[in-house]
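Written out below as structure tokens is the structure these notes cover.
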Amino acid sequence: MDDRKIFKVDAVIRPEKLDELKAKLRTIGVTGMTVSEVYGCGLTMGHTEIYRGSVMAVDLMPKIKVEIVIYETPLDTLIDAIREVCNTGHVGDGKIFVSELYTAVKIRTGEKGGIAIIDNKP
Amino acid sequence: MDDRKIFKVDAVIRPEKLDELKAKLRTIGVTGMTVSEVYGCGLTMGHTEIYRGSVMAVDLMPKIKVEIVIYETPLDTLIDAIREVCNTGHVGDGKIFVSELYTAVKIRTGEKGGIAIIDNKP
Amino acid sequence: MDDRKIFKVDAVIRPEKLDELKAKLRTIGVTGMTVSEVYGCGLTMGHTEIYRGSVMAVDLMPKIKVEIVIYETPLDTLIDAIREVCNTGHVGDGKIFVSELYTAVKIRTGEKGGIAIIDNKP
Amino acid sequence: MKLSILFPGTLAWALALPAAALAADDTAQELSAGDISYMCVATLLVLIMTPALGFFYGGLVRRKNTINTIMMSMVCLALITVQWFLFGYSLSFGPDAGGIIGNLDWAFFNGVGLEAFKDYSPTIPHVLFAMFQLAFAILTPAIVSGGIVERTRFPAYCLFVVLWGTLVYDPMAHMVWGLGGFIRDMGALDFAGGTVIHITSGFSALTAAVLIGARKGYGSLTLRPHNMPYVCLGGSFLWLGWFGFNSGAAVGATALTALALANTGIASCTAGLVWILLDRMVHGKMTTLGLMTGFVAGLVGITPAAGFVTVGSAFLIGITTPVICFFFVSYVKGRLGYDDSLDAFGCHGVGGVWGALMTGVLATKSVNDAGADGWLYGNAAQMIPQLTGIVTGIVLAVVMTAVIIKGLGLFMQVRATDAEEAQGLDLIDHGERAYNKM
Amino acid sequence: MKLSILFPGTLAWALALPAAALAADDTAQELSAGDISYMCVATLLVLIMTPALGFFYGGLVRRKNTINTIMMSMVCLALITVQWFLFGYSLSFGPDAGGIIGNLDWAFFNGVGLEAFKDYSPTIPHVLFAMFQLAFAILTPAIVSGGIVERTRFPAYCLFVVLWGTLVYDPMAHMVWGLGGFIRDMGALDFAGGTVIHITSGFSALTAAVLIGARKGYGSLTLRPHNMPYVCLGGSFLWLGWFGFNSGAAVGATALTALALANTGIASCTAGLVWILLDRMVHGKMTTLGLMTGFVAGLVGITPAAGFVTVGSAFLIGITTPVICFFFVSYVKGRLGYDDSLDAFGCHGVGGVWGALMTGVLATKSVNDAGADGWLYGNAAQMIPQLTGIVTGIVLAVVMTAVIIKGLGLFMQVRATDAEEAQGLDLIDHGERAYNKM
Amino acid sequence: MKLSILFPGTLAWALALPAAALAADDTAQELSAGDISYMCVATLLVLIMTPALGFFYGGLVRRKNTINTIMMSMVCLALITVQWFLFGYSLSFGPDAGGIIGNLDWAFFNGVGLEAFKDYSPTIPHVLFAMFQLAFAILTPAIVSGGIVERTRFPAYCLFVVLWGTLVYDPMAHMVWGLGGFIRDMGALDFAGGTVIHITSGFSALTAAVLIGARKGYGSLTLRPHNMPYVCLGGSFLWLGWFGFNSGAAVGATALTALALANTGIASCTAGLVWILLDRMVHGKMTTLGLMTGFVAGLVGITPAAGFVTVGSAFLIGITTPVICFFFVSYVKGRLGYDDSLDAFGCHGVGGVWGALMTGVLATKSVNDAGADGWLYGNAAQMIPQLTGIVTGIVLAVVMTAVIIKGLGLFMQVRATDAEEAQGLDLIDHGERAYNKM
Ligand SMILES: Nc1ncnc2c1ncn2[C@@H]1O[C@H](COP(=O)(O)OP(=O)(O)O)[C@@H](O)[C@H]1O
Ligand SMILES: Nc1ncnc2c1ncn2[C@@H]1O[C@H](COP(=O)(O)OP(=O)(O)O)[C@@H](O)[C@H]1O
Ligand SMILES: Nc1ncnc2c1ncn2[C@@H]1O[C@H](COP(=O)(O)OP(=O)(O)O)[C@@H](O)[C@H]1O
């Protein structure tokens, strides 16, 4: 195992940005990602919904969480790529949370550590 | 960057507690959260469902996962707040998992580190 | 708190393996897990879908993310168990991401640390 | 071998039933194929309203109560059909006892045969009339469920439905429509059941909602509809079936049927438009739920009037009813604080009263000889039987509903516990979940 | 210009078709508008049962097979309509060949015109009768799919449907209903198709389920319904359509139509109630799926009897049929270990046999001259044609289904591979996913 | 007390309306119960097509626009009903003005009463005919929405619907069907509205799609259907309702009704089969959306021909129409690059033109005296009125749609902004979300 770190980057973004982000990540050599549907609240005060005359303040907005584990790709490149695509300048653009992984394993091969993330040769 | 840590707190709770928890968190100054639908099993032995005479033991129960990243709010305050709302004393109340973040980024502004989490001024 | 580490293991697997994995984990003494629906892309080039004559390449495939926090169970035992069940030898088998937790709390009892994970006595 | 040895006794009545014992041929000359054709269709249209209501209501609740809410409607099909066959039809339409209720002569559909029954249905088999009326009897308690969803235990609810059908619906139907019923004899106009169906169900829903109490977290939690397409789906078929409901009340395929159908369409669609315009004026947006609620309000309003008024009057009912219901649902309800979860009272109760009044005002013999002239046509006296019907309906509904719910509470659990409510009644009462992903 | 130059030959038959070549006017006097009206409606009611069955079944499977399961029903609309037009109707109802099957004289709806055809439909156009029967022919193979969902490849299934319609349904329909059919000539009573539809489809589903084998993980995995509201939706429209199915078998809008409709309603709703009461006694909870399954069981039971028995007897069928089906589905099935995934056999096969027997027992000429008296009415001999029908149906279904499936297996893939089954047939066979979030 | 004091003036017209002011009795002798029965049913069948279309379209869009898309259909019920009652029916079918449009004599359904109106509906009440036609007028603009979903602001859309109904639909209906309409007088054949409904809506959808512009990300993003079961659900009821659409055009329950019903079934199901066979040949898989689209294509193709051609010709239309639509949707559309999001043009426009042409070719007096012989039957001249109808429909649709959209754009926002489009129109325009989990 080499001493580069494996980072897990969780980006909570606007749903409509997903397609663009996917395309962008491919260009910077990210080899995989895991996407899930989440609901978020932050500075955005949410929106109001109206059901039969009762106006409800809904503060949980649909967001998309993209989890990207990187090893070779530099963290800053990734963060910049995400910001480039997802930054609209309006409240609600989302956050990026970065943590360090202890290790990673590729289930198919059993490879452990950074090598598990390097996927460019099948 | 200052030397306070950024914590990511994942609380797996009962779905019906979400509204109350949201309200509570606001009172202790938590600035945002990300919520998702999960299915959990732990000590709770699940429940049985009946479909045309076959009784099925279902051990995955619907739960809510709330992810809260904090910087200024003390970890213990947050944990106590969650426990206060979500503790019913019955099996199935859930767990809180705390990890340390490497960093956080606010997509809109590009601010990095703890500052990305401090959101009280828009 | 003792000095064993609390690990959080996120396994992204094929949806059809979930039942088998659940059964397997029970045999190695895992006391709980949290499951969610995710969409992933990695080496798998996805599949094509056809809607009224337009063929679309869809690269996000439905996957299941299983989060397992362990304390007593050795990490390697867990990883081996997951690999044993989920490895089909074909691209798309998934990845395991391991991180270290700062701490864990059992909401019901307030127990902190590894003890929060040990659940064999109700 | 004599089979009666194998099926002793229990089957005797099935054999003996004169119900359908008359050959069709004997009476064929008086039956009209066209009328039978339409009344079969109308019966089916009203029958589909009950599952449709299930979806309308089921979409409005939270996910964990989806199945339970749908079941609260659908189980009425099973419960009331059996009740109706055993004794309900007889109580409602059977030989009169004191102007209040029918006797049990027609229990087990005894005597309800394939020939026409002149006073109710001169051109279609009596049994078809009984089935058409059955469809109404099923739907009415299902509407009541709208007031008490998400917190009422299912076994108690089932008993409630049967008791309510017997103690509220059957006498009310008899009084308004049954031969010898005193409100009928006063000359009250209720074409397709504004009093019998909407006033009774609406006020019962209110009473039950108050007695059973609000849902946990009512007012603070965001109790949003979990699936709006289901609301549209259920609402659409509810609306569709209602055409059969109103036009089938003509008991045949005549010009009156066509009039009731046209009035139903014009009143309901106009009301839908009015509601979304109010939505837009008050809240800035035209909502889907508003459109559906407007449709329902218009339908409730036109129900008692459908075969008694001109299309112009239907248009007027379509304009006024949603205004009143909108006001109730948006303002009055919030102020009074009762949790009529799906606005069964706000739509059916309030709209039903308004419709019954409007029928008294707008009815005209020029479209229907068998009706009467209303206030606007110089006959202010018509308001008296109308008011009698309304008041009787309200009193009967409120009193009996309270009696039944309090009574049931004496020996079984009516209200879900906090833990049950938190988990959701789908699992608690049915052991099923609406949606399974894993 | 002569157009025949542009469309040479291929169109010749379209021109030549005497099918609809008779002007309506000539025959107008014998046609009844009321009967035509109802038979159009009944046809549509039966047609909607096929998509409804798709939703009923589609809700019961796992998400990854939703579309595939719905398609297994809906594709029958396309496949069987074409088969029926080309030759299926002729095989079923065309001039008799040996009491077993029709000949090809009516292929391409040749001779199936706008005039009435006395022996099948004296008051409605022959082509309408053919369309009404088409709706039955479509639904029946769709029921079979309930035994083999979630593991059968779609191309093979499509061929299966066409072959099954031709080799099982058409001869069976001819034998029971066709002029000259030998079971018809024996005097067997099958009002709306208990034998033709439910026994054949139920036993074919069982045979196919056994031959194709259980789903991977059957018995250990939790194979739960993925969407109960769809089950309710499909079940409700299946139930609704069934009224057209049973009452349309009167081929007109008569007192018999009304009787069949009433019997259908009473039997099905009673059966729904019985099933949830059994549910509660055995499992402690009244389930939604139980209510729906009870409805279906009652409908299957009353189908052959609908126009031959009193409403009392319908009630009795509504009580007994679900008990037998419940027992089968809950106990026998588990013990035998076949994977009749959606209980096509347990409901249609078992209920169909019971209904055919009950028809023999409970039929009475007092409600329908054209019928016969049953055992209970002193005519034990009626059991002979009933049993002949049942046995013929079972043998034909089992043998032919086995032949078709084994035959198809010789030159194409019938069963999905493990990997295909794991991924789900929506993607594998249709390249579509039921629900897309991203 | 005189009530006119309470309701002064405003109600005067409601009283004065001679509309339904004739007692049913006077005219009862000429009305046919069978015909009324079926025309009520046909009206309801066409009415349910509009919500059905909402689900068909609603399933095809992304989740965030589900409700908005359903509303684009359903709001037509409210808008057009009021428009039709106020003046639309009069413009369409009222006394002729220059062969182009009706005058306002029948505004407020003035004179549209319970008696038959000989020239339109000799055996059913005039008001029922007006309601049947209303159902068509509602559905047509809803089809247009298929071209512009997911990006058009709702308030502007509502105005569009009303203006389009008035400026495109009403004159077109008058020209083709109204007494004195010039296309009708030329002898053009359009049984159930191929020109009036499908050509106008299809070409308007295309025009609107081009003018409003493509959805953001069209061509690059994966704009997949979010819920295929809804597509099946909506498609099934659309298909079902279409039988009422086509057979109801016979304005009664006659042999012609049966023929139109049979032709509709044969053409649509054949077309479904053809489409999935093309799917399989071209893409290797039989798709669900392909089956549903094939059904719709076949229905569009048979619409103008349903009561004028033999079942053999219906089969031929069922084979050819989907081939042409498939080619358009799969190849031409992609090349031209317009975003006709749900293929309203590809199915209704293209199929409508083909159907109108085929009607001119395949019509034969042998099935319908009131029709004409087509090209294939030696009357090439029939193509002239057919082409006139087609061209008039196209020109009227394209020009007026452009005028309305450009006109609306002058004083309100027609197209959603990027941010609105990104968030989804459910929230933006209705303040509601289709699905709520939390
Ligand atoms: N402290 C936090 N913990 C977890 N998730 C957060 C936190 N703050 C924000 N988020 C997530 O980021 C999303 C966007 O945040 P928001 O404050 O609305 O926008 P911005 O980042 O532009 O200020 C939120 O919807 C939520 O999902
Ligand atoms: N070891 C674990 N790893 C991951 N998630 C867990 C673990 N143990 C429990 N959970 C999550 O916490 C939820 C509640 O746990 P449970 O044991 O039922 O209740 P309690 O915490 O009260 O003992 C579970 O449904 C699961 O989602
Ligand atoms: N770098 C990554 N970051 C996050 N998730 C990943 C990453 N690589 C793979 N995954 C997840 O693992 C799943 C399987 O990966 P894939 O490359 O298809 O198979 P394999 O692991 O067999 O090579 C993906 O669908 C995705 O959810």
Side-chain angles (χ1 to χ4, degrees), chain A residues 5-15 17 20-21 34-46 56-70 75-102, chain B residues 1 5-13 15 17-27 29-39 62-71 73 97-122:
Chain A
K5 285 173 177 174
I6 311 179
F7 285 115
K8 172 148 170 292
V9 177
D10 286 13
V12 180
I13 63 167
R14 295 178 188 276
K17 291 291 181 188
E20 224 176 307
L21 180 60
T34 301
V35 177
S36 55
E37 239 195 336
V38 298
Y39 294 81
C41 76
L43 269 190
T44 335
M45 286 293 89
M56 295 172 171
V58 175
D59 49 8
L60 285 176
M61 304 286 296
K63 298 271 168 190
I64 291 285
K65 180 163 88 175
V66 184
E67 296 172 53
I68 307 152
V69 177
I70 47 171
L75 183 57
D76 284 339
T77 312
L78 178 58
I79 290 175
D80 289 349
I82 297 174
R83 280 208 63 225
E84 190 187 319
V85 170
C86 298
N87 175 12
T88 70
H90 295 101
V91 165
D93 277 349
K95 304 263 196 290
I96 302 172
F97 302 126
V98 184
S99 53
E100 225 174 285
L101 279 196
Y102 181 81
Chain B
M1 225 189 270
K5 286 174 176 173
I6 311 178
F7 285 115
K8 171 148 170 292
V9 177
D10 285 12
V12 181
I13 63 168
K17 291 292 182 188
L18 176 62
D19 275 287
E20 224 176 307
L21 180 60
K22 249 168 36 191
K24 178 77 190 176
L25 293 184
R26 230 169 269 135
T27 67
V30 164
T31 54
M33 74 188 87
T34 301
V35 178
S36 55
E37 239 195 336
V38 298
Y39 294 80
K63 298 272 168 189
I64 291 285
K65 180 163 90 176
V66 183
E67 296 171 54
I68 308 152
V69 176
I70 47 172
Y71 178 63
T73 316
F97 302 126
V98 183
S99 53
E100 226 174 285
L101 280 194
Y102 181 82
T103 188
V105 182
K106 192 183 287 194
I107 293 178
R108 180 163 46 91
T109 57
E111 291 159 296
K112 283 221 175 81
I115 194 82
I117 305 305
I118 305 172
D119 249 355
N120 14 21
K121 58 257 158 194

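Not measured: the values here are computed from a predicted model.
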Mind listing the closest non-hydrogen atom pair of Glu37(A) and Ser36(B) along with its distance? O-CB, 4.0 Å

Could you give the distance from CG (Asp19(B)) to CG (Leu60(A)), rounded to the nearest 0.5 Å? 8.0 Å

Using non-hydrogen atoms only, which part of Asp10(A) is less than 4.5 Å away from chain B: side chain, backbone, both, or neither? side chain

Does any heavy atom of chain A fall under 4.5 Å from the side chain of Thr109(B), the backbone, both, or neither of them? backbone

Strictly distance-based, threshold 3.5 Å: is any side-chain N or O of Arg108(B) a donor or acceptor partner for the main-chain N or O of Gly89(A)? no

Student check: side-chain heavy atoms of Arg83(A) and Val105(B) closer than 4.5 Å: yes

Closest approach of Ile96(A) to Ile107(B) (non-hydrogen atoms, all atoms of both residues): CG1-CG1, 3.7 Å

pair Lys22(B)-Asp59(A): side-chain heavy atoms closer than 4.5 Å: yes

Of the listed residues (Ile13(A), Ile79(A), Val9(A), Asp80(A)), which shares the most heavy-atom pairs with chain B below a 4.5 Å separation? Ile79(A)

Can you tell me how far CZ of Phe97(A) sits from OG1 of Thr34(B), rounded to the nearest 0.5 angstrom? 5.5 Å

For the candidates Glu100(B), Lys8(B), Glu67(B), which exhibits the highest count of non-hydrogen atom pairs separated by less than 4.5 Å from chain A? Glu67(B)

How many angstroms lie between atom SG of Cys41(A) and atom CG of Leu25(B), to the nearest 0.5 angstrom? 8.5 Å

